[in-house]
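Shown next, in structure tokens, is the structure this report addresses.
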Amino acid sequence: DQQVKQNSPSLSVQEGRISILNCDYTNSMFDYFLWYKKYPAEGPTFLISISSIKDKNEDGRFTVFLNKSAKHLSLHIVPSQPGDSAVYFCAAGGDMRFGAGTRLTVKP
Amino acid sequence: NAGVTQTPKFQVLKTGQSMTLQCAQDMNHEYMSWYRQDPGMGLRLIHYSVGAGITDQGEVPNGYNVSRSTTEDFPLRLLSAAPSQTSVYFCASSWTAPFSGNTIYFGEGSWLTVV
């Protein structure tokens, strides 16, 4: 059973606009959430995280929002840049359960 | 700075063969893990280790063995390869277990095809 779900396999946005990537989880005990970015033929790299005691964490162009009641988190990228084109994974839980990933394409 | 190093990067196996994917990290991390990535499935945890001499099963451990004799190394063994094990394998490490909020560092991946 997938405890972390990313229901959108792909997302395409125009350069300069906002990208919003979504993630849902089922286990209310999860207390730490991370987003990873993955380019082709490379390992995932850490992007941003959020603890369950917060509802927002910001790092430059990247902001993660957590809605615990809805068991939902989202990653906002503003403004989106072509170099942001990659697969984005959300992860949660003590043993780091990952979602299936969303492929973001930012068009120039 | 090497970080997490995986070898080999590419491997083709015949059904029934065994092999070992090597993983080494030079960051003195206690926690190491192996994931496999399949289309539409994301990254699934195979086995993990919270320190030398300690290993445990993840989501999809069947068909794989691990050992952790040193802090640096965490090899993944395929006992009798099956086509269902065709995947991309990632080794990862972090200071302590991820639920402590520690970032996981990944290797570059090993592409395994079982024919």
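Below, chains carry the letters A, B, ... as their sequence lines are ordered, and counting in each starts from 1.
Residues satisfying the side-chain hydrogen bond (donor to acceptor under 3.5 Å, both in side chains) test with A:S51, not counting sequence neighbours, are none. Applying the side-chain hydrogen bond (donor to acceptor under 3.5 Å, both in side chains) test to B:D38 and every residue at least two apart in sequence or in another chain returns B:R36, B:R44, B:S87.
Heavy-atom contacts from other residues, nucleotides or ligands closer than 6.0 Å to NZ of A:K68 number more than 12. Environment of CZ in B:R77: crowded, with over 12 heavy atoms of neighbouring residues, nucleotides or ligands closer than 6.0 Å. More than 12 heavy atoms of other shown residues, nucleotides or ligands fall within 6.0 angstrom of atom CD in A:E15.
Linking ILVMFWY residues whenever their side-chain heavy atoms come closer than 4.5 Å, directly or via other members, leaves B:L76 and B:L43 in distinct clusters. With hydrophobic clusters built from ILVMFWY side chains whose heavy atoms lie under 4.5 angstrom apart, A:F65 does not share a cluster with A:I48. With hydrophobic clusters built from ILVMFWY side chains whose heavy atoms lie under 4.5 angstrom apart, B:V4 does not share a cluster with B:L21. Each of B:V50 and B:M32 belongs to its own hydrophobic cluster when Ile, Leu, Val, Met, Phe, Trp and Tyr are linked at side-chain heavy-atom distances under 4.5 angstrom. Linking ILVMFWY side-chain heavy atoms closer than 4.5 Å, directly or via other members, places B:F90 and B:Y64 in two distinct hydrophobic clusters.
Using a 4.5 Å cut-off between heavy atoms, A:F33 does not touch chain B at all. Using a 4.5 Å cut-off between heavy atoms, B:L45 contacts chain A through its side chain alone, with no backbone atom that close.
Top candidate by heavy-atom pairs under 4.5 Å with chain A, chosen from B:M41, B:Q6, B:K9, is B:M41.
Atom-to-atom distance recorded for A:F89:CZ and B:F106:CZ is 8.5 Å, nearest 0.5 angstrom.
Residues from residues 98-108 of chain A that place a non-hydrogen atom less than 4.5 Å from a non-hydrogen atom of chain B comprise A:F98, A:G99, A:A100, given in numerical order. Contacts with chain B (heavy atom to heavy atom, under 4.5 Å) involve these residues of residues 38-47 of chain A, listed by number: A:K38, A:A41, A:E42, A:G43, A:P44, A:F46.
The two atoms that bring B:I104 and A:Y36 nearest to each other are N-OH, 2.8 Å, heavy atoms only.
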